[in-house]
Protein chains: 2
Amino acid sequence: MLKSKASPISLEQRNATRLRVLEHIRTKGAVPRIEIASALQTSPATVTAATADLISAGLIKEIESEAQSKSGKRGRPKVLLQLDGQSFLVAGLKIARQMISIILVDFEGNEVTSHKFPLDNARMSPTDFVSTIQKALEETCAKIGGSVGQLAGVSIGVAGQVDASRNFVHWSSSITERNFDFRSLLSNQLPCPAFIENDANLVAKAEQLFGLGKGLKNFLVVTIEHGVGLGIVLDGKLYRGERGCGAEFGHTKVQLDGALCQCGQRGCLEAYVGDYALLREMTVTGQNNELKTASDIHDRAFSGDERAASVLARAGQMFGLGVSNLINLFDPECIIVSGTQKSFEHLCTDEVMARIRNGVISVDAALPDIRVHHWGDLMWAKGAAAYGIEQISILKVKELAANAS
Amino acid sequence: MLKSKASPISLEQRNATRLRVLEHIRTKGAVPRIEIASALQTSPATVTAATADLISAGLIKEIESEAQSKSGKRGRPKVLLQLDGQSFLVAGLKIARQMISIILVDFEGNEVTSHKFPLDNARMSPTDFVSTIQKALEETCAKIGGSVGQLAGVSIGVAGQVDASRNFVHWSSSITERNFDFRSLLSNQLPCPAFIENDANLVAKAEQLFGLGKGLKNFLVVTIEHGVGLGIVLDGKLYRGERGCGAEFGHTKVQLDGALCQCGQRGCLEAYVGDYALLREMTVTGQNNELKTASDIHDRAFSGDERAASVLARAGQMFGLGVSNLINLFDPECIIVSGTQKSFEHLCTDEVMARIRNGVISVDAALPDIRVHHWGDLMWAKGAAAYGIEQISILKVKELAANAS
DNA sequence: GTAAATATTTTACCGACTGAAATAAATATG
DNA sequence: CATATTTATTTCAGTCGGTAAAATATTTAC
């Protein structure tokens, strides 16, 4: 292998082109080279070179275009390119309070298998954290008769503040230590690259790669679970802020000196729409003994309980206020409201949507789309997997360039 | 002139490098080539080529380094590079309700002269708008015995929604027509390139080029005049949102179904901190006959009027709430509060700052700086000039590449 | 005066991208 | 069926930006 004298700038440009081609194929599905060239405003020659590399790396493949003969058009037929789904296996993990959800996906993001690993301790030391993850991964891989060694990458989602570029966790509810650098621990314990990210950012990634944000440049993803999270995608990239931690949408204030929030402050959005906030409200009615989740309250409201309905309605009003503020500030292409449970139906009612629309300063251009995405309970794990796939793609393209010597 | 076969990508890369060098020199002042190379992570050879071009375009110049001999260090002395302030004259205009403020600046942003041009009509037709601007420019240039022909560029700031990339005004309080394309009108009437932008974005530009945002990558500029505006700089670039209109910070909601705002909605931040909101509050006290501006209320409060003080305090509380929301969402490096008058002192009190800090979810990293910038009354015009200088720089670098044939 | 140190410029070269030509693979046409 | 036409892809020579290394410039140290 000769030593390459390529300038770093050239390399970066080359990698960027490869990645743009790859992302275009991921977004559009089966496309011929000529369309990639025109879509990316580049020359067919470049696309030939880039796709040749991606094929040799096993990231994409040519497929037979059955529909070709039907097209009835003259000329050499287009050769369609597609992701090579079989090429890699990626694991996505979400660390929650009582369990770890794991999903194994192929390179296209298709679920291969999934698993739930119960947790005794919601908070673990970094060492326990990683070894528990390893155990969870082993169990998951065993399900398909495989081993952890087969994984191309592992992506881990946690609640909290993470500097993903350094696998550095400033703080997480799942980990006892603060400001811990997971790089060496992860690379020592796991046989493949591993990545840690904030969970809301991961869901944003999932929407971008596989979900309702496919192909969009500027959009926001509001995640609803027990609390409210936000992932920001600007110019096609996750925006992480200066300190690398996620946007704290749930703790934006919607009421001056308002309701007390778990974070200790007053008037946070989460103090009005979070699960615990709803349950707290219900204590006033003296009914909360039987109520355990927001879904219970929803059932109660649906069966005619006016107090329950009013609690949910108020949450919806506050949520609408918060979302309209997001639109006023970010002016995004689209806002995606993503949640796993049925329990956020009260945040997607016509009344809430109307409130959002009425809270946005109108311009001539149409309002951003507000799309609601009801995920299964693997939402967070899928988000992690999406991020993993993206990071593995970047790694593979880099390797490609390094080996090109 | 030979026809160049340069690929568009090469050209873009070249221009980007030239501009990065130019911006570095603008930010750092007098710097030697070697430091530019290390700061921009590029090779000295590239810097030599880039600076040679910029010098030939008259954008920068070499200066004698008097302090050289004192340095007492061996080796060839550094040759310092600096902006060539004399190279271009740029006009910045702010169109307000009752007047146009104009400032002429050199390429370094130094004020050459300024002028105020009274307006009869706050709202003008596009044709009148441009011809009034032309008249105002002529008067201004006459002040220094020059003519409009000498200007390298004109930059115009208006309140409203502007797509600056197309000189397209969706809506502005200064213009009777909506959705007007000013491109042909401006290029026909003015002898130099002209640019229109939203005024809050312009102030953000001024902070970035000359002010407290110098050298920063991610920061927010909150502008205070009659209302409240916001300019967003992310990754060194103005963020304009999907529809190209400014962020509507003044119309983010800080109270569910709160005070009525000029925009017709309820609970907008501006409905609590805008001039008219303060004056409205004072009507309740029966005192507002004598009060015309927020500054009057401030005087009143200072001389012991508790009602006036309470009106201002409430505005401060709401403002603090709004700003803490900005920090929670954007996690910026720095927030700059910029205003022209003394009338926003009540928004910069220790109490307000404490409220902001208390409203931000704390992480280990330090809170973003909150810096207050008291400008003279030419703030907006200077902002326009800053934008003009930037746009002219881009144009000149493009010309350079075109002539390089 | 010569050596050493540091800044800048020159030179030879690399490599990403491109346009144009060549090639490939289909249909249309007679 | 052979040939022309059309369209997709690949090959190839060339351009250009950036770089490393060598050369040059200009200073201080001794």
Side-chain angles (χ1 to χ4, degrees), chain A residues 2-21 30-53 55 62 64-81 397 400-402 404-405, chain B residues 2-21 30-53 55 62 64-81 397 400-402 404-405:
Chain A
L2 301 167
K3 59 176 169 179
S4 164
K5 274 182 67 176
S7 77
I9 289 219
S10 290
L11 258 182
E12 254 173 58
Q13 191 176 349
R14 178 197 175 101
N15 286 352
T17 303
R18 302 289 177 275
L19 282 174
R20 286 204 315 145
V21 170
V31 279
R33 288 176 178 80
I34 187 98
E35 278 176 25
I36 299 174
S38 74
L40 301 187
Q41 305 231 64
T42 187
S43 72
T46 301
V47 176
T48 293
T51 53
D53 279 0
I55 289 172
E62 297 188 339
E64 297 306 316
S65 48
E66 335 87 28
Q68 188 65 32
S69 45
K70 294 179 212 159
S71 76
K73 282 194 307 184
R74 281 207 270 202
R76 178 173 174 170
K78 303 174 202 289
V79 179
L80 299 182
L81 298 166
V397 167
L400 203 49
S405 62
Chain B
L2 301 167
K3 60 177 170 180
S4 162
K5 275 183 67 177
S7 76
I9 289 218
S10 289
L11 257 183
E12 255 173 58
Q13 192 176 348
R14 178 196 175 100
N15 286 351
T17 303
R18 303 287 177 276
L19 282 173
R20 285 203 315 145
V21 170
V31 279
R33 288 176 178 82
I34 188 101
E35 278 176 24
I36 299 175
S38 73
L40 301 187
Q41 305 232 67
T42 186
S43 71
T46 301
V47 176
T48 293
T51 53
D53 279 0
I55 288 171
E62 297 188 340
E64 296 306 317
S65 49
E66 334 90 29
Q68 189 64 34
S69 46
K70 291 180 216 160
S71 77
K73 283 194 307 185
R74 281 206 272 203
R76 179 172 173 171
K78 303 172 202 288
V79 179
L80 298 181
L81 297 166
V397 168
L400 202 50
S405 62

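All values below were derived from every heavy atom in this structure, side-chain atoms included, with hydrogens, water molecules and symmetry-related copies excluded. Just so we're on the same page: letters track the sequence lines, and every chain starts at 1.
- For B:Thr42, the listed nucleotide lying nearest its side chain is D:dT19; candidates were D:dT19, C:dT18, C:dT8.
- As rounded to whole Å, 21 Å separates atom P of D:dT15 from atom CD of B:Glu12.
- Computed from C1' positions of five pairs at each end, the angle between the two local axes of the helix from C:dG1-D:dC30 to C:dG30-D:dC1 equals 20°, rounded to 10 degrees.
- OP1 or OP2 of D:dT11 has not a single side-chain nitrogen or oxygen of A:Thr48 nearer than 4.0 Å.
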- Does the pair A:Leu81 and A:Glu62 meet the rule for a side-chain contact (heavy atoms from CB on, under 4.5 Å), with working shown? CA-CA 5 Å; A:Leu81 298 166; A:Glu62 297 188 339; 3.6 Å; yes

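- For the pair B:Thr17/B:Thr42, no side-chain contact is recorded, criterion being any heavy-atom separation below 4.5 Å from C-beta on.
- At whole-Å resolution of the value, CG in A:Leu40 and P in C:dA16 are 17 Å apart.
- OP1 or OP2 of C:dT18 sits under 4.0 Å from a side-chain N or O of A:Thr46.
- Rounded to a whole Å, the CD1 atom of A:Ile34 is 16 Å from the P atom of C:dA25.
- Computed from coordinates, the A:Leu11 CG to D:dT19 P distance equals 12 Å when rounded to whole Å.
- In this structure, CG of A:Asn15 is placed 15 Å from C1' of C:dC17, rounded to the nearest angstrom.
- Under the 4.5 Å side-chain criterion, counting only non-hydrogen atoms from C-beta, B:Pro32 is not in contact with B:Val79.
- B:Arg20 approaches B:Leu40 most closely through the heavy-atom pair NH2-O, 3.4 Å.
- From B:Leu19, atom CG reaches atom CZ of B:Arg14 across 11.5 Å, with rounding to the nearest 0.5 Å.
- Closest-nucleotide positions on DNA chain D for B:Ser43 and A:Glu35 were compared, and the one nearer the 5' end corresponds to A:Glu35.
- The nearest whole Å value for the distance from the CD atom in B:Glu62 to the C1' atom in C:dT9 is 12 Å.
- Distance from the side chain of B:Pro32 is smallest for C:dT8 among the nucleotides C:dT8, D:dG18, C:dG19.
- In plain terms, the two heavy atoms of B:Val21 and B:Ala50 that are nearest each other are CG2-CB, 4.0 Å.
- For the pair A:Ile9 CD1 and C:dA16 P, the computed distance is 13 Å after rounding to whole Å.
- Rounding to the nearest 0.5 Å places CD1 of B:Ile9 at 9.5 Å from CD of A:Gln41.
- For A:Ser10 and D:dG17, the shortest distance from a side-chain N or O to OP1 or OP2 is not below 4.0 Å.
- Taking CD of B:Gln13 as the reference point, atom CD of A:Gln13 lies at 5.0 Å (rounded to 0.5 Å).
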Atom pairs, protein N/O to nucleotides 2-6 of chain C N/O, distance under 3.5 Å:
{"residue": "C:dA5", "atom": "N3", "partner": "B:Gly75", "partner atom": "N", "Å": "3.3"}
{"residue": "C:dT6", "atom": "O2", "partner": "B:Arg76", "partner atom": "N", "Å": "2.6"}

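- The CD atom of A:Glu35 sits 8.5 Å away from atom CG of A:Leu80, with the distance rounded to the nearest 0.5 Å.
- One atom, CZ of B:Arg33, and another, P of D:dA25, lie 15 Å apart when rounded to the nearest Å.
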